[in-house]
Student: 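Below are the structure tokens for one structure; questions will follow.
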Amino acid sequence: MMIFFIVGLIVHVVFFLSIFDIYFTSPLVHGMTPQRVPLAPPAKRLVLFVADGLRADSLFKPDDNGTGRAPYLRGVIAERGTWGVSHTRVPTESRPGHVALIAGFYEDVSAVAKGWKENPVEFDSVFNESRHTWCWGSPDILPMFAKGATGDHVYTYTYPSEREDFASTDASRLDTWVFDEVKDFLNVAKSNETLLNMLHEEQNVFFLHLLGIDTNGHAHRPMSKEYLENIGLVDSGVAEIVSVMDDFYGHDGKTAYIFTSDHGMTNWGSHGAGHPSETLTPLIAWGAGVQTADIAPLMASLIGIPFPVNSVGVLPLNYLNNSQHFKAESIYANAIQILEQFRVKMEQKKETTLSFLFTPYQPLTDSKQMDFVRNARNLIQKGQFDEAVSIRYCKDLIDQAMEGLSYYHTYDRLFLGSSVVLGFIGWTSYVVLFILKTHASLRKPPTNMHMVKRSLGQIFLCIGLLVALFLMVQSSPWTYYIYCLLPVAVWFSVMREFETLASLVRSVPSLPLSKCFGYFLLVTFGIELLVVSFFYRAMLTLGLVVLGLWPVLSGLYIKAKVRSLSWMLSCLFLAVFPLLPVVGREPDVNYVILFVCICFQMMQVVLCAYILTSTHSSLQLKQGLPLFNQLVSWLTLVSSFLIPLLSSTRLFHRLLSILMSLVCVYLLLSTGYEALFPPVLSWLMFAWINIEQETMNTQGSSNRTELSSTDFAENIDIAKIRQLRLDDIRRSYFFVFFIIIAFFGCGNIASINSFDPASVYCFLTVFNPFIMGGLLMWKVLIPFVIVMCTFEKNMTNNGQIKMQEICIIINYLNLSLLFHQHFFFLVKDHGSWLDIGTSISHYVIVMSMTIFLMLLSVMTHILTSKRILIGWKRKMHFR
């Protein structure tokens with residue numbers, strides 16, 4: 001059995017990772033020839049201001065008095081600049097936002113997941129193509145562009161990461177530091193001849209990363225005085241830098257300035273998803289609606305450097321104040337640069353595909369490429385610049401090359417997708433046969449299958465060798481071998497269970513077909529309800545109401561009124577949570593205090609409530625995170641894994657200890673009504689334990705034992721293991737439903753911006769994405785662990801029935817077959833980026849839950865049944 005679960009874990013991990021090869025491989029190619037405009041550029045140098053976290057409406061909208069928050073930038077717009085609103089893409093985070101701005105492409109999901117402060121994949125950027133680039137700002141952003149540059153011409157100046165403190169008395173000092181450092185740098189350069197000569201060379205870039213607005217937005221919200229005043233500070237700082245720059249270069253008129261933002265921010269101080277407040281950012285060039293990636297070719301064109309070779313941005317000609325000839329040459333170079341990527345991508349795919357299987361992109365064959373390029377070049381030479389730029393030539397060539405890049409990037413998708421689906425159907429079929437073979441009383445006819453199995457092995461061995469040879473000839477990546485050979489091994493295992501399948505067919509006449517069909521319809525409806533709940537949380541409320549009626553419908557209410565009433569009330573109370581707003585948008589620690597008043601808690605919970613309220617009070621007064629509060633918070637987190645192991649292994653003693661320990665941590669991570677969620681969920685879990693006990697008693701189970709005397713540490717009597725029943729399907733579905741409730745009860749975790757950084761302020765306030773992410777993930781998993789601990793009891797029901805293997809296998813089937821097939825085909829890589837991010841998250845959640853069922857079952861088994869003994873002697877009456 002252990003081998004079966006290990007193999008199952010490996011299979012699910014492989015299929016989990018498959019979407020990143022099928023949908024989200026890196027689109028970057030290398031080996032292109034850099035393209036530049038052959039004419040003299042309008043500027044010798046470029047200054048790029050990026051106000052991190054600045055919303056477009058916050059900058060452009062007047063304040064309550066009717067005056068602008070940024071008078072200098074408004075003056076630039078009115079007198080000498082062009083402006084617009086740029087549109088970022090999901091995920092609206094700092095790293096992918098800056099990559100789009102400076103490198104001109106949108107990072108794929110797999111690249112974003114591989115690193116934060118450095119390049120997970122090599123890419124070209126405006127900084128890399130410049131002669132020199134000087135950067136000032138955050139240590140989380142600048143190093144990744146310096147590391148990716150060829151040579152030693154990108155210089156970074158960063159403040160210590162400890163300054164990125166959400167509890168800071170004034171986060172705008174981060175921006176003040178940047179402005180002061182730039183002014184000091186230029187003053188020093190006047191007495192440093194070497195540096196002065198470098199600064200007076202052409203094609204230089206100055207990058208000012210301004211993080212104060214983003215930090216104040218997280219800490220105080222975008223509508224706060226701190227956030228809005230920080231905008232005014234940045235406006236004054238930009239005006240001062242422009243003045244200093246112009247003075248330094250003698251007002252030569254050869255400095256280009258661009259002011260923009262990497263992303264916006266929601267009203268509740270988060271970003272990451274696709275709300276307009278997160279995706280709409282200001283763009284001012286001293287210039288409407290261009291995309292963020294279009295800024296990279298604009299900067300390259302302004303100072304005459306080659307376009308970043310990986311850029312997919314289209315040059316916004318409206319922002320260029322130059323001749324039509326220059327505009328035509330610029331858009332022509334932009335088109336050739338994107339066409340170069342298409343050619344390299346096509347050649348790479350042609351080299352790894354058998355010639356008779358290769359299907360070229362018909363709208364842009366070699367001859368059509370030559371015609372496009374030749375006609376556009378001739379029009380420019382004849383002086384017909386407007387026609388060369390028109391949609392018939394350069395712009396059409398860009399559109400066709402972009403579609404061709406997408407075509408070759410997804411060339412193998414159907415092949416890999418079919419292989420993965422075939423493998424998963426085979427695995428699910430094998431799980432079904434395994435369940436029937438080990439837990440169903442099927443009569444097997446005496447047959448000799450030895451020769452048949454040997455023949456099957458030879459046939460599938462030949463199939464595997466042919467598949468491997470096919471992949472080898474095509475020089476396929478090593479991951480392709482896994483995705484294509486795994487289905488061969490799985491289906492071989494299925495065919496080896498032919499006897500079990502034959503026995504099932506012979507047993508069909510003796511099965512209660514009408515009851516089986518009824519269960520099938522109910523479970524199918526239930527699974528579809530859960531699928532819909534991923535998009536509409538209110539469906540979970542409907543599901544809980546239906547579950548609450550189960551004792552009445554099944555007749556249990558007549559036999560156990562008190563337990564049934566507790567079950568119904570707990571379902572109804574828990575049904576309220578999916579109807580409430582997503583957690584984190586409006587923090588209110590009063591709900592946390594309400595939780596302490598409602599529940600009869602130990603001193604540790606009271607202490608945690610005090611820590612939470614005092615921390616938030618201290619932060620509001622800008623006094624920082626108290627050291628005592630921070631130490632108590634971390635000690636509570638660490639002790640939550642140890643305290644349950646010191647308690648008795650009796651059912652209610654151990655479950656209560658686990659609940660108290662986990663609730664204390666959850667309390668410290670709460671900002672609103674979600675503090676009430678774990679106790680209500682726990683109430684329902686205790687009701688589930690009681691109602692399942694009553695069900696077992698009703699079904700005539702022998703050795704009726706009181707729950708109070710049940711011990712997690714008792715060994716299971718192997719002789720009392722029973723066979724699979726239809727009711728086990730209902731029990732396993734309840735478990736699946738409660739797992740979904742644990743995930744989505746307090747918010748949709750598929751939405752990045754449903755997480756509020758304020759949740760972790762009791763533990764740390766200095767920005768650290770990995771520690772903060774880990775704490776938030778543990779907050780998500782705590783309800784999951786509560787459900788798993790309850791399920792651990794129902795798996796070992798009174799030491800009579802070994803339910804662990806049965807129920808986990810059935811849950812395997814429910815999640816794997818139905819959820820996987822639903823969300824595998826719902827994954828998107830086009831259209832709205834909010835939809836793309838949501839589809840990825842849903843698939844990841846479904847596959848992760850299947851894997852967590854096995855991994856967390858080990859953890860919860862330790863939490864429930866193991867005990868650390870302190871002292872010389874174990875007293876049995878405390879056991």
Student: Tell me the closest heavy-atom pair linking S670 and K779, and the distance in Å.
Tutor: CA-NZ, 4.1 Å

Student: Between atom CD1 of I739 and atom CG of L530, what is the distance when rounded to the nearest 0.5 Å?
Tutor: 11.0 Å

Student: Considering all heavy atoms of both residues, which atom of D140 and which atom of E164 are nearest to each other, and what is their separation?
Tutor: OD2-OE1, 2.7 Å

Student: Taking atom types as modelled, is there a side-chain donor on N629 or S614 under 3.5 Å from an acceptor on the other?
Tutor: yes

Student: Determine whether T281 and S86 satisfy the following criterion, side chain to side chain donor-acceptor pair (under 3.5 Å), listing intermediate values before the conclusion.
Tutor: CA-CA 5 Å; T281 54; S86 57; 2.5 Å; yes

Student: Please work out which of the three classes, parallel, tilted or perpendicular, describes the rings of H209 and H98, given edges at 30° and 60°.
Tutor: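 Correct class here is perpendicular.
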
Student: Looking at every heavy atom in both I862 and R654, which two are closest together, and how far apart are they?
Tutor: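 What the structure gives for the nearest pair is O-NH1, 4.2 Å.
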
Student: In Å, rounded to the nearest 0.5 Å, how long is the span from CG of L631 to OG1 of T636?
Tutor: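 Spacing of CG (L631) from OG1 (T636) equals 10.5 Å.
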
Student: If I compare all heavy atoms of V766 with all of M772, which pair ends up nearest, and what's the gap?
Tutor: O-CE, 3.6 Å

Student: Quick one: closest heavy-atom pair of F179 and L233, and the distance?
Tutor: CE1-O, 4.1 Å

Student: Main chain of S657, side chain of S661: is a donor-acceptor contact present, judged purely on distance under 3.5 Å?
Tutor: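 Yes; at least one donor-acceptor contact below 3.5 Å.
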
Student: Look at the rings of Y159 and W177 and say which category their plane angle falls in: under 30° parallel, 30 to 60° tilted, over 60° perpendicular.
Tutor: perpendicular

Student: Verify, without hydrogens or angle tests, whether R55 (side chain) and G264 (backbone) share a donor-acceptor contact under 3.5 angstrom.
Tutor: no

Student: Treating S261 as the side-chain partner and L54 as the backbone partner, does any N or O pair qualify as donor plus acceptor under 3.5 Å?
Tutor: yes

Student: Please check this pair: side chain of T260 against backbone of P282, looking for a donor-acceptor N/O pair closer than 3.5 Å.
Tutor: yes

Student: Could you tell me whether a side-chain N or O of T279 sits under 3.5 Å from a main-chain N or O of H87, the two making a donor and an acceptor?
Tutor: no

Student: Looking at T215, D175, T176, which hits side chain to side chain donor-acceptor pair (under 3.5 Å) with N230?
Tutor: D175

Student: So which atom in Y227 and which in G53 form the shortest heavy-atom distance, rounded to 0.1 Å?
Tutor: OH-O, 2.8 Å

Student: Please check: side-chain N/O of R163 versus main-chain N/O of S138, any donor-acceptor pairing under 3.5 Å?
Tutor: no

Student: Once you round to the nearest 0.5 Å, how far does CE of M685 lie from OG of S570?
Tutor: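 Result: 8.0 Å between the selected atoms.
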
Student: Give a yes or no on whether the backbone of R537 and the side-chain of T541 come within a donor-acceptor separation of less than 3.5 Å.
Tutor: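 No, the answer is negative, given that no donor and acceptor are paired below the 3.5 Å cut-off.
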
Student: Looking at S640 and L637, would you say the former's side chain and the latter's main chain have a donor-acceptor pair under 3.5 Å?
Tutor: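 Between the backbone of L637 and the side chain of S640 there is a qualifying donor-acceptor contact (under 3.5 Å).
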
Student: Quick one: pull up CG in L775 and OH in Y761 and give me the separation to the nearest 0.5 Å.
Tutor: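 One finds 13.0 Å between CG of L775 and OH of Y761.
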
Student: Step through it carefully: locate the ring centre of W688, locate the ring centre of F737, and say whether they are under 6.0 Å apart.
Tutor: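 Ring-ring flag for W688/F737: false, centres at least 6.0 Å apart.
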
Student: For the OG atom of S58 and the CD1 atom of I231, what is their distance to the nearest 0.5 Å?
Tutor: 4.5 Å

Student: Taking the side chain as C-beta and beyond, is there a heavy-atom pair between D57 and S277 under 4.5 Å?
Tutor: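 The answer is no, as the side chains (C-beta and beyond) never meet within the 4.5 Å cut-off.
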
